[in-house]
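Quick notes on the structure that follows.
Below, chain A is the first sequence line, B the second, and so on; all start at residue 1.
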There are 2 protein chains.
Amino acid sequence: MSLTIKLHLITSHSHHLNLNFHTLNHHPTKFTSFNPNIRSKSIYHSDPLVSIVYNTKPRMHSPSRSVQAPIKSSLIDPDGGRLVDLVIPESERASRVLEAQALPKVSLSKIDFEWVHVISEGWASPLKGFMREDEYLQSLHFNSLRMKDGSVVNMSLPIVLAIDDETKERIGSSTNVGLVGPNGDLIAILRSIEIYKHNKEERIARTWGTTAPGLPYVEEVITSAGNWLIGGDLEVLEPIKYNDGLDNYRLSPQQLRKEFDSRQADAVFAFQLRNPVHNGHALLMNDTRRRLLEMGYKNPILLLHPLGGFTKADDVPLDVRMEQHSKVLEDGILDPETTIVAIFPSPMHYAGPTEVQWHAKARINAGANFYIVGRDPAGMGHPTENRDLYDPDHGKKVLSMAPGLEKLNILPFRVAAYDTVHKKMAFFDPSRAKEFLFISGTKMRNFAKTGENPPDGFMCPGGWKVLVNYYESLQTEEGSQQAAVLSA
Amino acid sequence: MSLTIKLHLITSHSHHLNLNFHTLNHHPTKFTSFNPNIRSKSIYHSDPLVSIVYNTKPRMHSPSRSVQAPIKSSLIDPDGGRLVDLVIPESERASRVLEAQALPKVSLSKIDFEWVHVISEGWASPLKGFMREDEYLQSLHFNSLRMKDGSVVNMSLPIVLAIDDETKERIGSSTNVGLVGPNGDLIAILRSIEIYKHNKEERIARTWGTTAPGLPYVEEVITSAGNWLIGGDLEVLEPIKYNDGLDNYRLSPQQLRKEFDSRQADAVFAFQLRNPVHNGHALLMNDTRRRLLEMGYKNPILLLHPLGGFTKADDVPLDVRMEQHSKVLEDGILDPETTIVAIFPSPMHYAGPTEVQWHAKARINAGANFYIVGRDPAGMGHPTENRDLYDPDHGKKVLSMAPGLEKLNILPFRVAAYDTVHKKMAFFDPSRAKEFLFISGTKMRNFAKTGENPPDGFMCPGGWKVLVNYYESLQTEEGSQQAAVLSA
């Protein structure tokens, strides 16, 4: 079956590239034909199936950053009433760089750098920097911050920067510090700093509800971190870039809001994910749109918003996921007319009910007023026991009661599973339970690893091929590493 | 120095016993003389020094319980606007007892029983029973509950009832259960029950900020508890009694409010404690009163409110503490005219910043609008590491930011220490730090254990003698136990 789809793609310039091209559904071996008038290139590896293209002009700082035009749309208000933007205007950059060079320096890990990105663009509005102790304590104990006017905003994860004794000593009595990125570049100033104790055990226990060894974020970030936290007001010297070919998908909340406005969205529903999209997800997203139309909304827009920061080793990497998502749009499983795909730059905590609040709250700041929540959001297996770390229902329950999220409409997932009679993903019908097949993430990965095909209709063939290729490349890599070890 | 003090004592009938009697300060060997017209008896052991007396008429359910007259005073509103009272009116008692007898039964531990007491009298208002899952999750994640009208009340400790698999099985599909006290008496009905999973690890981690072994409440209550929690609406068949000679000090929030009203208190400041009162505490309480008068209050009343439920093994037991407190009033260290001593029936969690919120919130329900908070409230040493479990400053910081406690005035402790020059407890003056001696609870206990006297002016002699006697009795007990072991 051949069909024509019109793909809207958002670049950092907030231009639309209206690409008309053809694709052959269920025939993943056929190539996509591009509109030759658009200057474009593949963004993923060397896979010839790539369908989403982007403007190759290097991303400049968006004019909207310095203009600071107030958001004039009818979109949901950002937390605190005003979207935080901590990138220094270009006119002041040179003097701030000079100032920063003279300050004591704090080195950032890759994940610290991701948090600088997150804070600087206002995902954590009204947070204006790494947390000081009063913010940290409120986050840890109440999952929320009380503002001066008495209003409450959600803030469930401690967004903190750890330093060691030696760095603390070096900072001395300085009130400001310079932040140095993982590549050695000076990237930000932290002002009016406050240094306070980093009680790792308490932070871990209150954030994850366990202190068992093996939590990915803890092992990666906290265990080796210093015994102090440093908070303060952040000023970023220029917009954060990763130069990994995906920067144009990293739309800031301000850019997303502009885009929703220009599309005249009257509802924005966000779908957070860190996994490949299968047809059950798609069913859910399409069904959500249908329900929103039924509710009277005229133009609901889907924000398909894969998480782009740190993920655990056995998750599918960002570039592969982006490629997989592009196939889902290319194959017409999701409608590009009413979908925006962008990267959410936060690192992943795998902190279940605590983290899902952060995922939802950040999307308010990006303009979403509906949030889809599934089973066991941000969950994982218990690191030392043979069970889920969190009760799979707690995420949506906690989210629906969370302080500061009252204005967000929570849309609980309906469970989708593979309907073996109709040979497609469908909402689970308990009256004929035996006809449904549940395909977990683990099962899906095992299919892809072994090259076995999942049941027909589980995922669009283009998207599936991306996964199979990824796992094949892993095995080749492992194979050559083993060969290298043997020959050494 | 001989002085006359007028001691106001509140009984469960909310009568004043205006006792005029003489006591000899600094002469602890002299006996107190009682007004012979008042029928009274010693409430503690056989110590002849006892000074606080009470009406021996057995406590009946207070008429105010069934009348449910609205609190008409200008006292701070209870949380949720109305004080919860879950004791069944006497007229309905017989029929409810019959009903309860036919229900599946749940057995209560001594500490469960203390919680029934706490809930039934409205200390946890607006909570109307053991928490259902939505309340439990809000407590665990947000330390607060959102009410239907959108307002928020503080609720930092999960107040829950655990049952085991066998009990769950036995309850089956019943919607109500009967609660059986530790003595085998049927004491309450729990209605419209909800049974949900008891994830002990998560509960412990989020409540204490650690999962280290050795937390007293965890060892006593949680470790051996069942894997299910049962929530529902509580109905208590009659007012909770302990029959330990101290019931008349167990004034309900309603009784305390009545008393504050009848004394025409325009400010009530609560002092939570689980330790003997030394002169540093007294200085603080008296200084608070002075400050409230300076602020323009005409009649500030102190609620000296020792915790009466479960405490850890090395804390001084309730009866000894009550006796010690009575000495402090008898010796004129605190003014009985403006002080009410009553027992707060809650068990102790030793959960630091999480628990101090509960301690403060419960006192709002009892009518207190000022709460004194000290260093490391509800804290203890880390069970496995050589440090305080909590940052000693976090308690007051968390308390001052806690959701639902905005209407309560938090009065942070000024640090008192022994002034070696003026030979008394005084507020610490950093400019002459060397002249101050800090006497920790541990040091104090060691003084009392070894029979060594603390510095003059540390504690009133009458109060000190109570402690010395207690530790002497412990050693005698230990001695005879050791002798018994040797002779066995």
Side-chain angles (χ1 to χ4, degrees), chain A residues 132-147 150 152 154-156 196-212 215 351-357 382-385 387-406, chain B residues 132-147 150 152 154-156 196-212 215 351-357 382-385 387-406:
Chain A
R132 296 194 179 88
E133 194 178 37
D134 61 342
E135 294 162 328
Y136 171 69
L137 288 174
Q138 289 182 76
S139 167
L140 215 52
H141 288 272
F142 315 133
N143 288 5
S144 59
L145 300 182
R146 187 159 74 212
M147 308 305 294
V152 166
N154 192 268
M155 197 68 75
S156 62
Y196 54 102
K197 273 182 228 140
H198 186 195
N199 183 331
K200 299 179 189 182
E201 181 190 51
E202 185 174 11
R203 175 181 172 196
I204 295 165
R206 295 196 194 276
T207 304
W208 280 271
T210 179
T211 57
L215 297 167
T354 302
E355 184 166 25
V356 71
Q357 297 171 68
H382 192 288
T384 59
E385 298 172 24
R387 60 171 175 94
D388 286 334
L389 178 52
Y390 303 107
D391 183 315
D393 291 327
H394 279 188
K396 66 167 179 276
K397 287 181 185 172
V398 167
L399 191 59
S400 69
M401 302 186 288
L405 298 183
E406 299 84 357
Chain B
R132 296 194 179 87
E133 194 178 38
D134 62 343
E135 294 161 328
Y136 172 68
L137 289 174
Q138 289 181 75
S139 167
L140 216 52
H141 287 273
F142 315 132
N143 288 6
S144 59
L145 300 183
R146 187 158 76 213
M147 309 305 295
V152 167
N154 191 268
M155 196 68 76
S156 62
Y196 55 102
K197 274 180 228 142
H198 186 195
N199 183 333
K200 299 180 189 181
E201 180 188 53
E202 184 174 10
R203 177 182 170 194
I204 296 165
R206 294 196 192 279
T207 303
W208 280 272
T210 178
T211 58
L215 297 167
T354 302
E355 184 167 28
V356 71
Q357 298 170 66
H382 192 287
T384 59
E385 298 172 23
R387 61 170 174 95
D388 287 332
L389 178 50
Y390 303 106
D391 184 314
D393 291 326
H394 279 188
K396 66 167 180 276
K397 287 182 185 171
V398 166
L399 192 59
S400 69
M401 300 185 290
L405 298 183
E406 299 82 358

Side chain / backbone / both / neither for Ser144(A) at chain B, heavy atoms under 4.5 Å: neither

Are side-chain heavy atoms of Tyr390(B) and Glu355(B) found at a separation under 4.5 Å? no

Listed partners of Glu406(A) passing side-chain contact (heavy atoms from CB on, under 4.5 Å), at least two apart: Arg146(B)

Contact leader toward chain B among Ile204(A), Thr211(A), Val398(A), where contacts are heavy-atom pairs under 4.5 Å: Val398(A)

With a 4.5 angstrom heavy-atom cut-off, could you sort out which part of Ser156(B) is near chain A: side chain, backbone, both or neither? neither

So for Asp391(A), is it side chain, backbone, both, or neither that comes closer than 4.5 Å to the heavy atoms of chain B? side chain

Take Arg206(A) and Thr354(B) through the side-chain contact (heavy atoms from CB on, under 4.5 Å) test and state the conclusion after the steps. CA-CA 11 Å; Arg206(A) 295 196 194 276; Thr354(B) 302; 3.1 Å; yes

Top contributor to chain A contacts, counting heavy-atom pairs under 4.5 Å, from Arg203(B), Glu385(B), Gln357(B), Glu133(B): Glu133(B)

State, yes or no, whether a side-chain contact exists between Gln138(B) and Met155(B) at a heavy-atom distance under 4.5 Å. no

So, the part of Asn199(B) with a heavy atom under 4.5 Å from chain A: the answer is side chain

With a 4.5 Å heavy-atom cut-off, do Leu215(A) and Leu389(A) have their side chains touching? yes

